[in-house]
Structures are given as C-alpha cells and as structure tokens.
Amino acid sequence: MISLSRTCFLNKASIAGLSSPFSDRQRGIVPKAPCSLKIKAAAAAAASNRDRNGTVLAVETVTKEMAEAESLIDDSQPTVAGGIRDAYGEDAATEDQPVTPWSLSVACGYSLLRDPRHNKGLAFTDKERDAHYLLGLLPPSVPSQELQVKKLMNIIRQYQVPLQKYMYMMDLQERNERLFYKLLIDHVEEMLPIVYTPTVGEACQKYGSIFSRPQGLYISLKEKGRILEVLRNWPEKNIQVIVVTDGQRILGLGDLGCQGMGIPVGKLSLYTALGGVRPSACLPITIDVGTNNEKLLDDEFYIGLRQRRATGQEYDELLHEFMTAVKQNYGERVLVQFEDFANHNAFDLLAKYGTTHLVFNDDIQGTAAVVLSGLMAALKLLGGTLADHRFLFLGAGEAGTGIAELIALEISKQVQCPDDYYYCLLFLVNVMQGLIVESRKESLQHFKKPWAHDHEPVETLLEAVNDIKPTVLIGTSGVGRTFTQEVVEAMASFNEKPLILALSNPTSQSECTAEQAYTWTNGRAIYASGSPFPPVEYEGQTYVPGQSNNAYIFPGLGLGLIMSGTIRVHDDMLLAASEALAAQVTQENLDNGQIYPPFTNIRKISAHIAANVAAKAYELGLATRLPRPKDLVAYAESCMYSPSYRNYR
Ligand SMILES: NC(=O)C1=CN([C@@H]2O[C@H](COP(=O)(O)OP(=O)(O)OC[C@H]3O[C@@H](n4cnc5c(N)ncnc54)[C@H](OP(=O)(O)O)[C@@H]3O)[C@@H](O)[C@H]2O)C=CC1
Ligand SMILES: CC(=O)C(=O)O
Ligand SMILES: [Mg+2]
C-alpha cells in the first residue's frame, strides 16, 4: 500500500471542508465513509502549516491519520473516467459534478531540499530526515545553523569582488531563506554593503548579465489591463509590504529601467533582517514603462521593455491601475513604499495616493527622518537648537526638499511658529539654478518653489557656502565629489565642528569621502555618508564615519505601521521615527563623533522606532489594530521574524 503521506498531495477542497478530499492520482482508491472525516481532519491540521506555494509540511499527525484512512480504502469500484475510483480526489465525482483541480503538496524529500522557505540544508536532524523522506539525500553530518553561517562567511570572505558576494547572497536567499537571514542579521555591518548600497547599485547596473532566477513581480506596459491578474500570480496572498520602483532614479546611477529590481529586492530583505517583517509578507515589484537609458536599450542582455519611457497619461493610467489592484488584492493595510522614482513622478504619486492608500516614499520621507534624527543627535555635540543652525543643501530633489520639509516641520513644532520663518534657515542649491532664489521661482519645479529665497542669485556651491555660512552641509545631488576641498575647508573656517552629510549613493556618488572630510577639516568634521566608508586614521586618531541612510528608518517605520494596522502615513509618524532613532544614540557614540547608533543593534532600534510610530498612529486615530498593546516595544519585538530554523514534526 502506498502511503499518502509519501506522495504528499493534499487536495485544497478537502481542507476547506468541501466535497473532495485527498487526491492520489497514481492510485485512485475509495475509502469507506467514516475515514473521509479523519482525512479531512488530517488535512486541516496540515493546512495550518502552509507555505507560499500552498504547500504544507509533512506532520506526524497527518501521516498517522492518513495511514488509518488508507486502511479503510475500498479499491473495488471503477471510476467514471475508467480505472479505479479515488475517494480522496476528483475521480469520486460524477461527470456532471464540478471538481476543484488543484492540490496542496506537503514539502518533503527532494522537493523539501529545493524549497527555500523550508530548506535547512545539512541542518535537518536525523529525525527530520527520517520523517521527511530525506534519507540518503544528504551526507551524514548535521551541523548547527550557527556552523552553517560560519562556513558561508568563510566562503563569502574569500570572494574579492563585492558583486560576487552579492550573487552568492542572492543564490543563498533562493536556496535557504532562513540561513540567508540568519547570516545577514548576525553579520549585518559586514553584509549590509553587499545586499544593499553600494553593491546593489552595481548589481542593478549589471542585472541583465547576472540575471539567473527572477525575484519579485515585473509589471510592464504589456500587462496593462491585467495587473490584478499579475498580482494573483504571486504565490503569497498575505502581503504586508510592497516596495515598488519604476527604475528611473536608481540611487545616484540614473535610469536603469527594469534592472532597478535589485532595489525593491534589497530593501525588502532589510525589512526582514532589520525590521523583522516576515519574508513571505514582502513583495518586491518593478514597473517597467521602458527606459531612456540608451546603453541599456542597446544591451543584448537587458531584461526590460526595449522602448523609451512611457510618460503622461499612459504612465499615470498604468500606475493607477497598479495602485487600484494592490488595494483590491491586499486590502487597505498593505504598505506601499515608493522607491527610486524620478522626482516629478515621486512627488505626484505621493500626493495622489497619500490620501487613499498606505503609502510612503522612502527617498523623500525615509531620508528626511534619518537626517532629522542625525541632526537631533548632533545637536548634543554642536549645541543650540535646530532653529539656531543654518542648513545648506546641494541637490533640491526628493531627498533634499524632503529633508528640508521635515526640518522645517520639526522647528515649527518646537517654537510654534509658521513654517515660512524657517525657510530662511534652509537653503538649497540645484544644478540648473544654483541657489534657489525668488527671481528664478517661475522656472522651478513645484516642490522647489517653497524654498526660493529673497536672495541674490548665487551660481556655485562654494559661493553659497561663503555667503550663507551654513553650520550643516547636506549633499543630495547624486553627483560624486562635489564637496570639493575648497568647499569643505570653507565650512571648517567658520565652524568649530562642521556637520557634513554626504548622502548620495552609491559610494562613487558620495559628495566627499570620509577621509576627505576629516583631512580637510583637520579632524573636526562630524561626518556621515549615505553609503558606508571604513574608519579613517588621521594624525594618530581613528575616526569612525556614520552612515546616514534611510535603512535606519523604513524597516522600523514599516513594522510600526503594520503592527498597529495603520491605514495612512502621517508626517508626525516620521518625526516619531526620528526621535526614536536619535534616542538610541549613546554618549559613547557621540564621544566617537557618531550621530547614529551602530547597525549591529538595528533590530532593537527598529523595535523602538516601530513602537514610537505605532504610538503616534494610535494617538492620531489611524491605527486599526485594537486594543492598543500596553508595551509597544515588547509587542514590536514579539512580532519580529526570527530566522532560526523551526523544528519539523
Ligand atoms: N542616504 C540616503 O538614505 C539617501 C540618499 N539618496 C541619494 O541622494 C541622491 C539624490 O537623490 P534624489 O534627491 O532622490 O534625486 P533627485 O533627482 O530628486 O535630486 C537630485 C538633485 O540634485 C541636483 N543636482 C544634480 N547634479 C547637481 C550638481 N552637479 N550640482 C548641484 N545640484 C545638482 C538636481 O538638480 P535639478 O533640480 O536641477 O535637476 C536635483 O535637484 C542620490 O544619489 C540618492 O542615492 C536618496 C535617498 C536616500
Ligand atoms: C538610500 C536610498 O534610498 C537611495 O539612495 O535612493
Ligand atoms: Mg532610494
């Protein structure tokens, strides 16, 4: 007798309590009436342990129930389709009875080793190997997960080229998801630059050439009118966070079209590793409306649509269909994070969907929150309040104006004055207009207009620095090495501790390096960059630069929104996230010139951010998960995904 648990197919209809129970197509045998209930109960038990493919793990109870059921099977009756009837499957139905044509399979044996969500590699215990038909499929050794991580780190460290490490990590993610996250969490400082900036930037540039297995969902113009159908092709149904890009402004690398997919994939791996959102709830999406990158259009390995970008109505309609389908498929509480859109679309999408969906723009809002947090911490070193400082930005796009907006909001709350007054403390320079001034207001994009000062035109950054004498210089231009020696020295000439934030990514686009900042200011700069720089030795002292990157914010912010069931993002939640992050900076960090806590503590940090954001959501009446947990930090921690292997029955 063949055991049903060996073939491991469970019919979904039976699990839902519908007419047809198990299907074992090779056999087709009918049980006597009493056993079908037992089988249903076994199937229901298994169904509670379902994976993203609708697959369930083999469990002893199911096996036992099935064996019992099998003993009751009567295989004497023919089926309507010929052969022998199978009471567990569709063959039990008469020709005119509808049947459900799909089945749930229990991951076991060879397929279990190839199921990234459940695979443990060599770490399957002897008992698990026995119960799940793995005998002989693995060599005898049973290492712990920790030992597996150690071995993989040895391998990864042997690769000299970061892109090779990236590819190894992506392969691991596709092979053994828990091991991927365990390794990433346990070695976060070392691995963040691989799965995230700067290496993810190079990966996107070369995505077509290194492409092996697809990750995430691709929605192109070809799918117009069928986006809901596309979403339904994704195997997971309970999605909590979507990170979506259209690939037009990938880091500071410009338009990478469909190859921008590396960014949503990378950001969502941080949602899990840093914020504890379970991987099955995360959905990376790239919307492909073409690319204006001629190099990619000519690249034989390019993976996207070979056409120039759709704009205007065609673009808007596709995005609207997407946003509508997302809400229809996943409901009101799914978080949509817009990532690396070009600024004109980014601001429009945020304004358009901010009132109808739970949306968040990481480049505008996440960056603003991380920078404001750095400023709050830096005040402990610089002295004064935010309103006592003067901020000059190189780059008046998403990041620059987003940061300026949040600083202005925070100052206006602190001193209870209208925002306008504080615009005089915030100056932005962009490529076309130099310093943004009133006389050029007409030619400005709408999101720059509020920042137009009544000031003489100033063409260059150096002139602006000398004229405005900022205490804080912020680079959000996407252009590398634009904080020249003269600019940095000028900052140091009138500031005891010039605060220099070179936020552009990846490393090649950083406005100045950490070494330059410390050297050109004789070690007086407080410096942080968007992509990480190693510690700098200068005149016998070691300086550890900080990383001012929205990765500190979005995982915790997202967790806070999800765990409270928040339905809209409010600016006060960004302020709450900033405060929570700043509160995690210790005196020791500050004494070392660091305005951010180390990433090694990021899960604790994210729990605090999540709790503060959720508290604000409850306060504003935007949270729907009631009652409010008393201890939100503890609750956030309890919600976090753990990458440790689970024991299989
Ligand atoms: N550290 C972090 O967490 C984050 C970093 N970033 C980085 O910030 C950079 C900018 O991103 P984002 O704001 O979204 O991009 P945008 O395209 O929206 O903005 C770029 C701005 O820089 C200006 N600019 C470009 N070149 C120069 C130049 N040579 N001199 C002066 N101004 C210039 C542009 O001018 P104009 O308006 O005339 O076009 C524009 O105002 C990227 O490198 C990105 O990776 C972004 C988000 C988060
Ligand atoms: C960090 C980030 O979001 C960016 O550079 O675009
Ligand atoms: Mg971004």
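Each ligand, and each atom within it, is numbered from 1 in the order the structure gives.
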Those protein residues which place at least one heavy atom below 4.0 Å from ligand 2
Tyr196, Arg249, Leu251, Lys267, Glu339, Asp340, Asp362, Asp363, Asn505, Asn549, Asn550
Got the closest protein heavy atom to [atom], with its distance?
| atom | result |
| --- | --- |
| atom 41 (O) of ligand 1 | Ala396 N, 2.9 Å |
| atom 47 (C) of ligand 1 | Thr367 OG1, 3.3 Å |
| atom 5 (C) of ligand 1 | Leu503 O, 3.1 Å |
| atom 17 (O) of ligand 1 | Asn343 ND2, 3.5 Å |
| atom 32 (N) of ligand 1 | Val431 N, 3.1 Å |
| atom 37 (O) of ligand 1 | Lys448 NZ, 2.4 Å |
| atom 10 (C) of ligand 1 | Thr476 O, 3.5 Å |
| atom 14 (O) of ligand 1 | Arg249 NH2, 2.8 Å |

What I'd like to find out is whether the side chain of [X] reaches to under 4.5 Å of the side chain of [Y], using heavy atoms alone.
| X | Y | result |
| --- | --- | --- |
| Val336 | Phe360 | no |
| Leu575 | Lys413 | yes |
| Gln259 | Leu296 | yes |
| Gln365 | Leu406 | no |

Please could you name the atoms of ligand 1 that Gly252 approaches to less than 4.0 Å, counting only its heavy atoms?
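Close to Gly252: 42 (C), 43 (O), 45 (O).
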Please work out, at 4.0 Å between heavy atoms, whether the side chain, the backbone, both, or neither of [X] comes within that distance of ligand 1.
| X | answer |
| --- | --- |
| Leu394 | side chain |
| Asn549 | both |
| Pro506 | neither |

For Phe341 together with Phe347, are the ring centres under 6.0 Å from each other?
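No; Phe341 has its ring centre 6.0 Å or more from that of Phe347.
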Got a donor-acceptor contact below 3.5 angstrom from the Gln516 side chain to the Thr513 backbone?
yes
Which protein N, O or S atoms sit under 2.8 Å from the Mg ion (ligand 3)?
Glu339 OE2, Asp340 OD1, Asp363 OD1
Inter- and intrachain pairs under ring pair (Phe, Tyr, Trp, His ring centres under 6.0 Å), touching residues 189-210, at least two apart
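Those involving residues 189-210 do not exist here.
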For Phe599 and Tyr552, take the angle between the two ring planes, folded into 0 to 90°, and tell me which bin it lands in: parallel under 30, tilted 30 to 60, perpendicular over 60.
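Ring orientation, 0 to 90° scale: parallel.
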Sequence-distant partners of Glu190, salt bridge (charged side-chain N to carboxylate O under 4.0 Å, His left out), two or more places apart
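Testing Glu190 for salt bridge (charged side-chain N to carboxylate O under 4.0 Å, His left out), a comparison that skips the adjacent residues, returns Arg157.
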